[in-house]
Amino acid sequence: MNAPTPVAHWLRRFDKWAAPVLAATALGLLLAETLRPLRRRTRPRKERWPRNVGVAVPSSVGMRLALLPSMLGLAWLAQRRHLGLHREGLPVGVRLGLELLLLDYVAYTWHRLLHSPVLWRLHRVHHIDLDMDVTTAWRFHFGEMLASIPYRGGIPALLGVRPGTVVAYEGVFELCTAFHHSNWRLPFGLERSLVQVLVTPRAHGIHHSIVHRETQSNFGVVLTLWDILHRTLRLNVPQQQITIGVPSYPSAREQTIANLLLMPLQPPRPWERPNGAVPSRPEPPRPLHQLAE
Ligand SMILES: [Zn+2]
């Protein structure tokens with residue numbers, strides 16, 4: 001594809017600056033989660049990692065060759081045609097801040113849509129991982145990348161977000177996704193402060209729980225603000241009580257790369273164990289927004 005010059009320029013920027021930082025961060029997080037693990041592993045890494053990488057390769061290609069160029073191309077086209085909100089009078093910093101907030105809100109609402117019945121066909125490939133670590137952050141079905149183009153590319157473009165902000169946010173989005181999926185035990189006091197603003201590993205671990213009420217919480221990517229505003233923030237579940245995954249997919253044997261890639265063609269299973277039991281948990285004693293260790 002011959003990308004228009006400004007789009008090619010921003011893609012080169014992404015490859016030159018964001019990609020090396022992302023690779024170094026991933027290595028750092030892999031080391032951190034190995035030295036200071038948060039939750040106990042239930043499956044060997046040598047079983048999960050090749051599968052996660054097998055799903056991640058087509059997804060990364062889809063992200064870099066379709067999603068990112070489309071998001072940038074749409075933002076560039078909208079800018080050329082003066083679509084979107086005209087915020088020319090705003091100070092530079094305020095405009096940038098508004099654009100970044102908007103992109104993060106779009107990411108939050110898109111994640112909520114991924115949990116709707118149709119898109120869950122794609123998103124469950126990510127959620128049925130039986131442990132959660134940095135490699136889970138890459139385990140998205142490539143169809144999910146393609147399906148996100150109209151929403152994650154179209155809405156920011158129509159609202160006048162500039163291509164430069166789109167590419168900058170995408171770098172932050174990827175960094176935060178790697179961070180909050182990692183199995184890194186941060187010092188509890190630090191994470192308790194951090195989670196007031198940013199999505200952290202403990203907060204996102206609750207989103208990957210087999211308890212349905214807990215999966216339906218903590219949808220944020222970068223900021224916890226959107227979960228607070230939409231009353232979807234839940235921090236009071238202790239990590240050692242969480243079982244990661246989806247109850248209807250407890251078998252590691254069926255999670256081959258081929259099955260994972262073909263999974264969107266199969267109808268979703270009900271949210272219950274194969275024996276029909278629905279995982280539940282009594283409401284923890286501490287308040288919803290108080291982080292549990
Ligand atoms: Zn999710």
Side-chain angles (χ1 to χ4, degrees), residues 38-39 48 51-52 55-56 59-60 62-63 67 103-149 151-152 170 172-183 195 198-235 237 239 242-250 255 260-261 263-264 266-272 278-279 281 288:
L38 175 59
R39 292 168 300 268
R48 288 176 48 252
R51 294 169 173 184
N52 288 1
V55 174
S59 163
S60 306
M63 183 270 177
L67 174 59
L103 287 166
D104 199 45
Y105 186 56
V106 166
Y108 167 87
T109 51
W110 173 245
H111 189 187
R112 288 199 70 170
L113 285 172
L114 286 169
H115 283 255
S116 66
V118 173
L119 291 169
W120 179 247
R121 283 179 176 246
L122 297 163
H123 191 52
R124 74 185 141 160
V125 173
H126 172 69
H127 269 272
I128 66 174
D129 199 354
L130 294 165
D131 284 317
M132 191 175 93
D133 59 23
V134 175
T135 66
T136 314
W138 310 322
R139 176 186 158 130
F140 289 101
H141 195 278
F142 67 90
E144 190 180 316
M145 296 296 126
L146 303 181
S148 69
I149 290 173
Y151 196 88
R152 290 197 60 219
E170 201 55 26
V172 174
F173 175 100
E174 295 292 339
L175 275 179
C176 289
T177 301
F179 169 65
H180 65 230
H181 282 96
S182 75
N183 193 32
V195 80
L198 295 177
V199 180
T200 63
R202 283 180 173 90
H204 201 70
I206 295 169
H207 178 69
H208 277 256
S209 160
I210 61 167
V211 177
H212 189 254
R213 183 183 65 203
E214 294 165 8
T215 314
Q216 296 302 313
S217 61
N218 305 355
F219 293 95
V221 176
V222 178
L223 299 176
T224 41
L225 173 67
W226 317 118
D227 280 301
I228 295 169
L229 292 178
H230 285 275
R231 297 168 182 266
T232 50
L233 190 69
R234 175 178 288 276
L235 302 176
V237 185
Q239 295 294 308
I242 293 174
T243 302
I244 298 286
V246 173
S248 38
Y249 297 88
Q255 295 197 26
L260 291 169
L261 291 176
M263 192 162 275
Q266 296 159 6
R269 298 175 189 168
W271 195 275
E272 59 188 30
V278 178
R281 187 195 317 282
L288 210 55

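Every number for a ligand or one of its atoms is a count from 1 in the order of the listing.
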_As a test of reading the structure, name the N/O/S atom of His127 that is nearest the Zn ion (ligand 1)._
NE2
_Do Asp129 and Asn52 pair up side chain to side chain, a donor and an acceptor below 3.5 Å, judged on atom types alone?_
yes
*asked:* Under 2.8 Å from the Zn ion (ligand 1), can any N, O or S atom of His123 be found?
replied: yes
_Expected output: side-chain His230 to main-chain Trp226 donor-acceptor under 3.5 Å_ = no
*Single hit among His181, Arg234, His115 for side-chain hydrogen bond (donor to acceptor under 3.5 Å, both in side chains) with His207*: His115
*Determine, using ring centers only, whether His126 and His111 are less than 6.0 Å apart.*
no
_Within 2.8 Å of the Zn ion (ligand 1), is there any N, O or S atom belonging to His126?_
no
